[in-house]
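The block underneath contains the structure these notes are about, expressed in structure tokens.
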Amino acid sequence: MQLFDTKAALVLIAMLLVAAVTAGLTLAASGTWPTALLAGGGAAWGVLSTLPSVLK
């Protein structure tokens, strides 16, 4: 029995990658860490809301 299928793993990896890049870019642009967390979380939520429908 599989814990994750391939699509779920792809979405999770994409969410983590986009969140990390967005948070890093926010911090590199002299943003504060709460702003970076909010930006990364928002970007990850955007991936979570759009990518599964694209993969169907």
Show me the donor-acceptor pairs, under 3.5 Å and distance only, between side chains in residues 38-51 and residues at least two apart or in other chains.
{"unit_1": "S49", "atom_1": "OG", "unit_2": "W45", "atom_2": "O", "d": "3.2"}
{"unit_1": "S49", "atom_1": "OG", "unit_2": "G46", "atom_2": "O", "d": "3.0"}
{"unit_1": "T50", "atom_1": "OG1", "unit_2": "G46", "atom_2": "O", "d": "2.9"}

Closest heavy-atom pair and its distance - V18, T22: O-OG1, 2.7 Å
Following the transitive rule for hydrophobic clusters with a side-chain heavy-atom cut-off under 4.5 Å over Ile, Leu, Val, Met, Phe, Trp and Tyr, establish whether L25 and L37 coincide in one cluster. no
